[in-house]
Number of protein chains: 2
Amino acid sequence: MKKQNGSQALERGLGILEAVAEAPPEGLRLTEIAAMCELEQPTAHRLVAALERAGYLARVGDSRRLRLGLRLFQLGSIGGEAGGLADVARPALIRLAAATGDCMFLMVRSGLDAVCLDRQDATYTIHSLTGHVGGATPLGLGTGSMTILAHLPEAERHEVREANRERIRALRHDVPSEAELALVRDRGFYREVNRSVAGIVGAAVPILTPRRRPIAAIAIGATEARLPDERLPAVIEMMQIEARRIEAELNASPSVLASS
Amino acid sequence: MKKQNGSQALERGLGILEAVAEAPPEGLRLTEIAAMCELEQPTAHRLVAALERAGYLARVGDSRRLRLGLRLFQLGSIGGEAGGLADVARPALIRLAAATGDCMFLMVRSGLDAVCLDRQDATYTIHSLTGHVGGATPLGLGTGSMTILAHLPEAERHEVREANRERIRALRHDVPSEAELALVRDRGFYREVNRSVAGIVGAAVPILTPRRRPIAAIAIGATEARLPDERLPAVIEMMQIEARRIEAELNASPSVLASS
DNA sequence: CCATAAATTTCCATATAATGGAATTAATAT
DNA sequence: ATATTAATTCCATTATATGGAAATTTATGG
């Protein structure tokens, strides 16, 4: 009875997907789904049936447990193209990973989050915040995420900071201040020591539209030993050169920039 | 007015996702979506709004056109794990790609389709039916797809053949006969010359449960020159060894087998 | 730059489709 | 076997999605 958008059933269905997504890989039983989504059993059953018919949910093995279906994987690999960004950026990521010997990430904005769209490992494999491709972190937490946030237009930046304050607090971090964000814009990159995983540092540079709206960020993850202050400028420069190259290609192609 | 499952709104919403998925990367406008899905404009608008709020749809650039959102990419990369199958199989695919120098695919069943869950290229890059990770082909068309179909229980096999007959016809191919499928089961592998792309051959072996239900297939794609009849047995044997290895690992792990 | 057309968005009375309580059936646990 | 819990079906009720109409915004072209 909270709000009536005229799409309760759809939103409930999507809510079920979200619940199943967060669940462990053994999957969820119908009862659990109903409980988590605050639905009555028959309601949950109907929606689950529809999602299963469509391939958005699938049974685990031959049990009755439910996990995400492969149709989502298919749609995801279409949606993940994000207007060709991943394809355009991949060679750059590979070059950077090879040149630095470290771990490179392509982060793009999706609503209030930054999503890891691609990742290229070289010699050293790093545990980042987002970790894997498809992982997400609230805008403002993590280097790539921070860099994207810093380049959002002021009004939007404020909205996002407010919206993510509690989420980031819950992760025992803080929303970056406007001063910090301004610094990121001025410097053209952001570096931080990972507060979650000791000994890990990250840095990121933005990929911008001609009007300097952020599309994405290239981030590096490495151990402190491998990315000392002396080495940073050279690495950042390489990353910036590749970012410019990607920007140029995106502008050249009649294609399409990601947003929202 | 066809059937009333009690989830019209949800199914319509998912239908919109399917429509957008098939659309070119420039995205669809609301009018087009409404037309394709046979919805009234306001209805389409409401559903689209809900999908956009949830990140399942996103605007293209700053236009009003819609494409799939990154939330689908995130969910997809969770759903794509398919109970750990991709992770378990990846080393095997890499080994095979390296050993053969050709292109290896991991295909899994999803409803009436076989979906390409992973792909490892070696020296030679091949244009397969499914092409890319996330691509799908109707069960019965393509080597991996064919192999999975061949190992389905009889009743299910029939259902799928009937269900896919028209789809496969539309692609100017034929549903395999029961005799062909029996042959695949007996031989333990399937080889064919690609009828769509000249000079390309494929072959596939199944990954089965202990009860011999098909989970997935490993497929190879190569040029005729690179995969002549003399070489085939050796390659098939390698693939079968890796398939056995994957089966063993899947049984060992308390984990989870894909299905649906 | 303004006029016109087209697409998008909002509004709301109506009817239909989703809802959830109760009962049934199936699957586990004891 | 029996008890317990979960999954599914049924159906009367009403909350919810629906779509016609209108307002608004955006695109088009004169």
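Naming: A, B, ... by sequence-line order, numbering from 1 per chain.
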Note to self: Need to verify one output field. Residue with the more 5' nearest nucleotide on DNA chain C, A/Thr43 or A/Arg64?
What the structure shows: A/Thr43
Margin query: Is the shortest side-chain heavy-atom distance between A/Asp113 and A/Arg167 below 4.5 Å?
Written below: yes
Item checked: Main-chain N/O of B/Leu141 paired with B/Thr137 side-chain donor or acceptor, under 3.5 Å -> yes
Margin query: Using whole Å, what does the distance between atom P of nucleotide D/dA27 and atom CG of B/Leu30 come to?
Written below: 14 Å
Check: What integer distance in Å separates A/Gln41:CD from C/dT24:C1'?
Finding: 14 Å
Checklist line | Flag, side chain of B/Arg65 to backbone of B/Val60, donor-acceptor distance under 3.5 Å | finding: no
Next item on the list: Answer yes or no: does a side-chain N or O of B/Gln8 lie under 4.0 Å from OP1 or OP2 of D/dT18?
Entry: yes
Checklist line | Spacing of A/Glu38 atom CD relative to C/dG20 atom C1', expressed in whole Å | finding: 15 Å
Notebook entry, point to check: Rounded to the Å, how far apart are A/Leu51 CG and C/dA18 P?
Noted result: 13 Å
Checklist line | Closest to side chain of B/Pro42, choosing from C/dT19, C/dT10, D/dA7 | finding: C/dT10
Notebook entry, point to check: C/dT9 phosphate, OP1 or OP2: any side-chain N/O from B/His45 under 4.0 angstrom?
Noted result: yes
Item checked: Length of the CD-P vector between A/Glu11 and C/dA17, whole Å -> 20 Å
Next item on the list: Give the rounded distance in Å between these two atoms: CD of B/Glu32 and P of C/dA6.
Entry: 15 Å
Item checked: Distance below 4.0 Å between A/Arg12 side-chain N/O and C/dT19 OP1 or OP2 -> yes
Note to self: Using only atom types and a distance under 3.5 Å, with no angle test, would you say the side chain of A/Thr43 pairs donor to acceptor with the backbone of A/Leu39?
What the structure shows: no
Margin query: Using whole Å, what does the distance between atom C1' of nucleotide D/dA17 and atom CD1 of B/Ile16 come to?
Written below: 13 Å
Next item on the list: Using atom types as modelled and distance alone, determine if a side-chain donor or acceptor of A/Arg185 lies under 3.5 Å from a backbone N or O of A/Ala150.
Entry: yes
Margin query: What's the closest nucleotide to the side chain of B/Thr31 if the choices are D/dT18, C/dG20, C/dT8?
Written below: C/dT8
Note to self: Does C/dA18 have OP1 or OP2 under 4.0 Å away from a side-chain N or O of A/Arg46?
What the structure shows: no
Check: Between C/dT28 atom P and A/Arg29 atom CZ, what is the distance in whole Å?
Finding: 8 Å
